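Read the structure below first, then the notes.
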Amino acid sequence: MIYNLGSINLDMVYRLRDLPQAGETLSAMSFDRFLGGKGVNQSVAIAASGEPVCHIGAVGPDGDWVLSEMDRFGVGTGSVARIEEATGHAIVAVDDAAENQIIIFGGANQAIPFEWAEERLGDLEEGDFVLCQNETNLTPEVAQLVSDRDAKLVLSAAPFDAEHVKTLRPYIQVLAVNEGEAGALSSAFGERPQDMGFAMLVVTRGGEGTTVYSDGQVFEQPAFRVNPIDTTGAGDTFIGSFIARLSAGDTLETALTYAAAAAALQVTKPGAAEAIPHRDAVLEFLKERS
Ligand code: RIB
């Protein structure tokens, strides 16, 4: 089983020719609302990859729309608490090169009640995966529960916070970082991430591909070449799909190739969760590219 203590955001997405510089005011060419949040994007990727996921999180009184979107993408909302704080949101600027700048407001994501999460993890078993990112509260508390049950903690260290990684380091089984975060990790700890003792380290390098360090072995997965429209949520798609396929029993290499294909397809459409491809589309894409 896969659990995800994960953020849920309303993404307000503005398309711009170029990303804004400090002090600059720009007119957007378009505006859209999408379901987002690193956590929920990962849960959508897990569901789209064919695996069940228990998404643990919180929304506010204004959370009806994001909950209905989660439903639409096959992610159950029974473990999402309704609390007083406003639903989290993100302001996302996307430029013509498909790159983005994101400002997040945590809101309800930062106020998930501990008792709520603890109860949802009541059936957690040895070997289950529990995903976390740096967009919610409770990650240290949940890491302790995960460790007590011999389950596997998967941390996406984004947005990057060295102190947070330091606190969680003894509990992390799988650490997922992008290249920039890997560099920040090295600077903060004075050692290479691959030497820090994680059972598995996943380093995503955007269009350059992904490197996984596991059991003393190094696996390289090149990125599939596509024409990107919007890269928001590509990393989340990658890690959600990867863990889903590992949990389903795929080999590391098969899961890695599947995740790379899912992420490649995801960047060809606008939006984060909205753009995550279903397993059938990913398998079709892999057939075409083989
Ligand atoms: O990783 C992309 C996500 O980061 C967006 O969906 C946004 O909500 C922020 O959490």
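This structure is a prediction, so every number in the text was calculated from the model and none was measured. Both counts, for ligands and for their atoms, begin at 1 and track the order of listing.
At a threshold of 4.0 Å, the pair Arg279-Glu51 does not count as salt-bridged, since none of the basic side-chain nitrogens sits closer than that to a carboxylate oxygen. Checked for salt-bridge contact, Arg149 and Asp123 miss the test: no charged N lies under 4.0 Å from a carboxylate O.
Both Leu168 and Tyr213 are assigned to one and the same hydrophobic cluster, defined by single-linkage of ILVMFWY side chains at heavy-atom distances under 4.5 Å.
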Could you tell me, for ligand 1, which of its N or O atoms are under 3.5 Å from any protein N or O, listing the pairs and their distances rounded to 0.1 Å?
unit_1   : atom_1 : unit_2 : atom_2 : d
ligand 1 : 1 (O)  : Lys38  : NZ     : 2.9
ligand 1 : 1 (O)  : Asp236 : OD2    : 2.7
ligand 1 : 4 (O)  : Lys38  : NZ     : 3.1
ligand 1 : 6 (O)  : Asp11  : OD2    : 2.6
ligand 1 : 6 (O)  : Gly37  : N      : 3.0
ligand 1 : 6 (O)  : Asn41  : ND2    : 3.1
ligand 1 : 8 (O)  : Asn9   : ND2    : 2.9
ligand 1 : 8 (O)  : Asp11  : OD1    : 2.6
ligand 1 : 8 (O)  : Gly37  : N      : 2.9
ligand 1 : 10 (O) : Asn9   : ND2    : 3.2
ligand 1 : 10 (O) : Lys38  : N      : 3.3
ligand 1 : 10 (O) : Glu135 : OE1    : 3.0
ligand 1 : 10 (O) : Glu135 : OE2    : 2.7

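For the residue pair Thr211 / Arg205, a side-chain donor-acceptor distance below 3.5 Å is found, with atom types taken as modelled. Looking at Gln101 and Asp95, their side chains never bring a donor and an acceptor atom within 3.5 Å of each other.
By the 4.5 Å heavy-atom criterion applied to side chains, Val13 and Thr232 are not counted as neighbours.
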